[in-house]
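The next block holds one structure in the form of structure tokens; read it before the comments.
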There are 2 protein chains.
Amino acid sequence: MSNSISLVALRLFVRVAATESFATAARQQGLPASSVSRHIAALEKALGQRLLYRHTRAVRLTEVGERYYQQVREILDTLDIATEQAAGEATHPQGLLRINAPVAFGRRHIAPQLANFQRAYPNIETELTLSDAFIDPVQEGVDVVVRVGALNDSSLVARRLANQHFVVCASPEYLEHWGVPATPDALSEHNCLIYKGTRGKQPWYFRDSGARKYRIREVRGNLRSNNAESLLEAALQGQGIVLFPTWLIHEELSVGRLVPILSAWEASGEPAPQGIHAIFPENRLRSSKVAAFLETLQGAIGEPPYWDA
Amino acid sequence: MSNSISLVALRLFVRVAATESFATAARQQGLPASSVSRHIAALEKALGQRLLYRHTRAVRLTEVGERYYQQVREILDTLDIATEQAAGEATHPQGLLRINAPVAFGRRHIAPQLANFQRAYPNIETELTLSDAFIDPVQEGVDVVVRVGALNDSSLVARRLANQHFVVCASPEYLEHWGVPATPDALSEHNCLIYKGTRGKQPWYFRDSGARKYRIREVRGNLRSNNAESLLEAALQGQGIVLFPTWLIHEELSVGRLVPILSAWEASGEPAPQGIHAIFPENRLRSSKVAAFLETLQGAIGEPPYWDA
DNA sequence: AAATCGAGTTGCTCATATTGCAATTCACTT
DNA sequence: AAGTGAATTGCAATATGAGCAACTCGATTT
């Protein structure tokens, strides 16, 4: 009987289905796992159908569970938006806003804005998590995810917050000691600190001012890392030359602890320009909390972004 | 907080909004009025918004209430359909099916079919209410409404169950005593029992077999009623001539208690052919209960309907 | 003008459902 | 073979909703 179904049960089901785990669903909702178990059981009993296969190690949706999950997720989202609107939150947004961002970008450009944001919207509680691994907002139950660089898919909506510019630079001490390279080719004579992530060594791209295509320039050096801030640290200590997006080093550039070089060329860490995006499930598009946050953030960053101005 | 909202509260809110009354909503859901009051109050508290104006005599939706009502109604319908599907009811429909039909048609052609239907779908509980006043399925919380004749609006979906044919007829005794009119014009010499409903006296229409348009023929008589079965009763007792749809009198025709006359003409109680329709909210379209019922009913009626065969 | 009626709300008690914790089971990992 | 993480089950404390009755308020009736 559809009358014996409870909203919490549906919410929990969606969380369990998204995370494929009773335990993390329980944690996300701040309930004991036992409650989750029982709610799901009650839901299954009400439907007379098994929604999830419980393997010891993993939880998998059954066929009907899969269909039901998709439908219920959509329904709950719609309900939440409708409720939010009715609650007048469209004019005075309130509630919990969960944000996820990359560590470096989040610390530099999200966290500092949060105070402003909270002041403008005192009824919004924010929860900022920083992580560099890609986060699926629907799986994690997060409202907005900020990502730098390429977007893979999907059923998610992205909004460009800013464009990304790279500069080649080094500390004054380094340049004084080793000289300033005059052309990209000259970099082969220098110690270049290279980012090496999951996609291998990040090549350095250059193009003449005004040219359309970037060309790869081979560079070498004695330090590679998958952690940008370590490379930055090394560069500050005069160990070598780095290629970084401006949002990461605008502070160091402005106080002169790093000096841009090769300014006659445009450099990049990507074969094509990449932006900084906010990503969220399609349904969150109309959430006033998300809208308010993005509006504030976009406004604070500006166009061009303040770190490039 | 959208988390403190309960499904029952939403269901009750929809019922209250549809009926504009706490009391009837309570009755429909089989709950004490106090519970309804408290659930609505809780919902309003959760939203921080008043959804309904309580005037002593009537309950009216506020502006936000109106919007929320539309949205929630849609959401609940969607949820119910999804749940029904997940419960495997698509293959084995079950649950409660609420049907409303006009008194005369319902008694003759719906009620007798119900037994068959119940046998075919033993898990469906049916609730048949008969009433001649037009019923809004969403307001009354009914799944299917059967209506004869013109459809007014609306946001509802209609499905034609059968076409309606009229015949002019009288009892053998009447015809023996007063003679058989040879043409429609001759009716002016006879006692015609006329239906007089909310739209005034129902005129009688005739056309030659094959002609396209009906023409009104004035008729008179000493009995008018807004109740078809009273006229029928009078006709059976030899009081006069009646014009009725075949579904109403096929029994009497087949046993000879009424005899059709003027068969060379096509008669009608409406200026244009009118059908018999099943009406339901758009969302119920995909309800397997409703689908099963309509399928069974349509099959039982046949094409042409059994009362015309 | 007083009385009545219908509709909604509020107070109170009782039954039921839910929570949270502890104990148990189970399958996989070390 | 023991250990671990994840789900389920049992149980006591608690919170929640149902149901009934009393109460308020405004409109219609007498």
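Residue numbers begin at 1 in each chain, while the letters A, B, ... track the order of the sequences. Keep in mind that what you see is a predicted model, and the values were worked out from it rather than measured.
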Please name all residues satisfying ring-ring contact (aromatic ring centres under 6.0 Å, His included) with B:Phe105, sequence neighbours left out, ordered by chain then number.
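Per chain and number, B:Phe105 pairs via ring-ring contact (aromatic ring centres under 6.0 Å, His included) with B:His109, B:Trp247, B:Trp307.
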
Starting at atom [atom1] of [X], determine the distance to atom [atom2] of [N], rounded to an integer number of angstrom.
| X | N | atom1 | atom2 | result |
| --- | --- | --- | --- | --- |
| A:Glu44 | D:dA7 | CD | P | 13 Å |
| A:Arg27 | C:dG20 | CZ | P | 16 Å |
| A:Arg54 | C:dT25 | CZ | P | 19 Å |
| A:Arg50 | D:dA7 | CZ | C1' | 12 Å |
| B:Arg60 | C:dG8 | CZ | P | 14 Å |
| B:His55 | D:dT28 | NE2 | P | 13 Å |
| A:Leu51 | D:dA7 | CG | P | 15 Å |
| B:Leu7 | D:dT16 | CG | C1' | 16 Å |

Salt-bridge criterion met for B:Arg147 and B:Asp132 (N-O under 4.0 Å)
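Salt bridge absent between B:Arg147 and B:Asp132.
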
Basic-acidic side-chain contact under 4.0 Å: A:Arg15, A:Glu140:
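No, A:Arg15 and A:Glu140 are not salt-bridged.
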
Would you mind classifying the nucleic acid contact of B:Val59 as base, sugar-phosphate or nothing, using non-hydrogen atoms under 4.0 angstrom?
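The answer is sugar-phosphate, as B:Val59 gets under 4.0 Å only of primed atoms, P, OP1 or OP2.
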
Pairing donors with acceptors under 3.5 angstrom, does anything connect the side chains of A:Gln139 and A:Thr19?
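No, no side-chain donor-acceptor contact under 3.5 Å.
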
Will you find, in the side chains of A:Glu66 and A:Gln70, an N or O donor that is under 3.5 Å from an N or O acceptor?
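Yes, because at least one side-chain N or O of A:Glu66 sits under 3.5 Å from a partner of the opposite role on A:Gln70.
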
Partner residues of B:Ser34 under the side chain to side chain donor-acceptor pair (under 3.5 Å) criterion, sequence neighbours left out
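Listed in chain order: nothing, the list is empty.
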
I'd like to check the side chain to side chain donor-acceptor pair (under 3.5 Å) partners of A:Glu44; sequence neighbours left out, ordered by chain and number.
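A:Glu44 satisfies side chain to side chain donor-acceptor pair (under 3.5 Å) with A:Arg54 only.
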
Counting only non-hydrogen atoms, which of residues 30-42 of chain B are less than 4.0 Å from DNA chain D?
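The stretch gives B:Leu31, B:Pro32, B:Ser34, B:Ser35, B:Arg38, B:His39 as the residues lying under 4.0 Å from the strand, ordered by number.
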
Who pairs with A:Thr129 by side-chain contact (heavy atoms from CB on, under 4.5 Å), at least two apart in sequence or on another chain?
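Counting only residues at least two positions away or on another chain, A:Thr129 forms a side-chain contact (heavy atoms from CB on, under 4.5 Å) with A:Asn100.
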
Looking at every heavy atom in both B:Ala9 and B:Leu43, which two are closest together, and how far apart are they?
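Heavy atoms only, the tightest pair is O-CD2, 4.2 Å.
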
Could you check which residues of residues 13-25 of chain B get a heavy atom under 4.0 Å from DNA chain C? Sort them by number, please.
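Residues of residues 13-25 of chain B that come under 4.0 Å of DNA chain C are, in numerical order, B:Ser21, B:Phe22, B:Ala23.
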
